[in-house]
Amino acid sequence: MRRQWLAVGLAVGMLAGCVTEGGVAPTKSSPVDAAAYNLQLGAEYLRAGKLSLARERLESSVKQNPKVARAHFTLAILYQTINEPELADRSFRNAIRTDPDDAAVQNTYAVHLCGKKRYDQAEKYFTRAATNPLYQTPEAAWTNAGVCMRDKGDLAAAERYFREALKVERSFPDALLELATLKLETGNPLSARAFLERLMAVREATPQLLLLAWEVERTLGDTAAASRFSERLLQDFPDSVEAERVGRGG
């Protein structure tokens, strides 16, 4: 199953307000005001894919006022987008140093670290985010931690974190999907089926979900159930990659 990160900081989406490209900079502004303006405008450029302009504005913002964590955070997202991982790493660390309690930044930085296979550091930041009492989506950080540990090859830790997500939100779909997949891959299709049943009660069918259900039932030897899922997949999502795989027989 493809790796899926949750609640990852589209930092530009978390900024309050916006400034359009035609906006006028405040006159007689202090460096703090200018930094705020450049942050908002840089975020708008980043949203629009105008990356060179975004970089210019965001770098100006952090120079004018280096005490704004979201400016460093948004700049980190920009550096990720233009494939400058070392600069992204530095900006993430600056954001965390500026605001150590921003769990959204910690979660996103942990995803960055996991992508660089810096698993131990990533685990630390995922845990910090998930255990922050002010964080509104700790189940997402726990699930991300599980995905990261699975990438590392530590399946026991992966399952532990997915279950932590379900302690927070019993019907959290992404954790249920991850656990169903993990259970099938580790030779426990009955448990996989149980997690899938919980998942299907809260999430509409997708090609990925139907393919997994088909694989689970085939593994269990329930050909009738497997046939129902394959027929549904072929009927509802005929052009999907998953339907093509079922058509080939797996």
Side-chain angles (χ1 to χ4, degrees), residues 1-11 73 76-93 95-96 102-132 135 137-169 172-189 191-196 198-199 203 206-213 215-216 219 240-242 245 250:
M1 187 177 68
R2 66 182 176 83
R3 180 189 300 169
Q4 180 177 353
W5 300 113
L6 308 175
V8 171
L10 293 179
F73 186 26
I77 301 299
L78 180 278
Y79 286 142
Q80 281 188 321
T81 303
I82 62 175
N83 195 28
E84 293 277 6
E86 292 183 3
L87 292 178
D89 189 88
R90 184 181 68 186
S91 290
F92 276 126
R93 286 186 282 107
I96 291 171
D102 193 325
V105 175
Q106 293 164 1
N107 180 47
T108 309
Y109 183 42
V111 169
H112 171 79
L113 291 169
C114 192
K116 301 303 176 187
K117 302 190 182 302
R118 294 160 62 183
Y119 298 116
D120 292 343
Q121 289 176 285
E123 186 176 15
K124 179 183 73 173
Y125 282 105
F126 281 132
T127 301
R128 283 175 59 179
T131 56
N132 186 327
Y135 194 32
T137 56
E139 65 274 19
W142 286 129
T143 302
N144 282 342
V147 172
C148 188
M149 292 301 98
R150 184 178 175 187
D151 191 52
K152 180 183 179 182
D154 189 342
L155 301 186
E159 179 172 349
R160 183 172 69 252
Y161 287 131
F162 295 143
R163 289 185 180 276
E164 286 292 337
L166 295 180
K167 288 180 184 178
V168 178
E169 176 53 62
F172 190 54
D174 297 278
L176 290 171
L177 178 59
E178 293 289 350
L179 276 166
T181 303
L182 183 62
K183 287 300 183 181
L184 178 62
E185 292 177 350
T186 55
N188 194 340
S191 184
R193 175 194 272 172
F195 284 117
L196 274 176
R198 289 170 60 182
L199 177 58
R203 171 172 283 184
T206 64
Q208 181 188 18
L209 179 53
L210 291 173
L211 176 63
L212 180 58
E215 291 174 332
V216 167
T219 303
S240 66
V241 173
E242 290 83 359
R245 180 172 169 182

Heavy-atom distance under 4.5 Å between the side chains of [X] and [Y], does that happen here?
{"X": "Ile96", "Y": "Phe73", "result": "no"}
{"X": "Phe126", "Y": "Asn107", "result": "yes"}
{"X": "Gln80", "Y": "Phe92", "result": "yes"}
{"X": "Thr127", "Y": "Tyr161", "result": "yes"}
{"X": "Thr108", "Y": "Ile77", "result": "yes"}
{"X": "Phe162", "Y": "Thr143", "result": "yes"}
{"X": "Leu212", "Y": "Glu242", "result": "no"}
{"X": "Tyr109", "Y": "Asp89", "result": "yes"}

Open item on the list: Please determine whether side-chain contact (heavy atoms from CB on, under 4.5 Å) holds for the pair Glu178 and Arg150, giving the CA-CA distance in whole Å, both sets of side-chain angles, and the decisive distance to 0.1 Å.
Closed with: CA-CA 10 Å; Glu178 293 289 350; Arg150 184 178 175 187; 3.2 Å; yes

Between [atom1] on residue [X] and [atom2] on residue [Y], distance to nearest 0.5 Å:
{"X": "Glu123", "Y": "Cys114", "atom1": "CD", "atom2": "SG", "value": "10.0 Å"}
{"X": "Gln208", "Y": "Thr206", "atom1": "CD", "atom2": "OG1", "value": "5.5 Å"}
{"X": "Trp142", "Y": "Arg160", "atom1": "CH2", "atom2": "CZ", "value": "9.0 Å"}
{"X": "Leu184", "Y": "Leu196", "atom1": "CG", "atom2": "CG", "value": "8.5 Å"}
{"X": "Leu177", "Y": "Phe195", "atom1": "CG", "atom2": "CZ", "value": "11.5 Å"}
{"X": "Glu86", "Y": "Arg90", "atom1": "CD", "atom2": "CZ", "value": "9.5 Å"}

- [ ] State whether Arg163 and Glu159 are salt-bridged, where the test is any N-O pair (Lys NZ or Arg NE/NH1/NH2 against Asp/Glu carboxylate O) under 4.0 Å.
- [x]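 Salt bridge: yes.
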
- [ ] Check the pair Lys152 / Asp120 against side-chain contact (heavy atoms from CB on, under 4.5 Å), numbers first and verdict last.
- [x] CA-CA 10 Å; Lys152 180 183 179 182; Asp120 292 343; 3.3 Å; yes

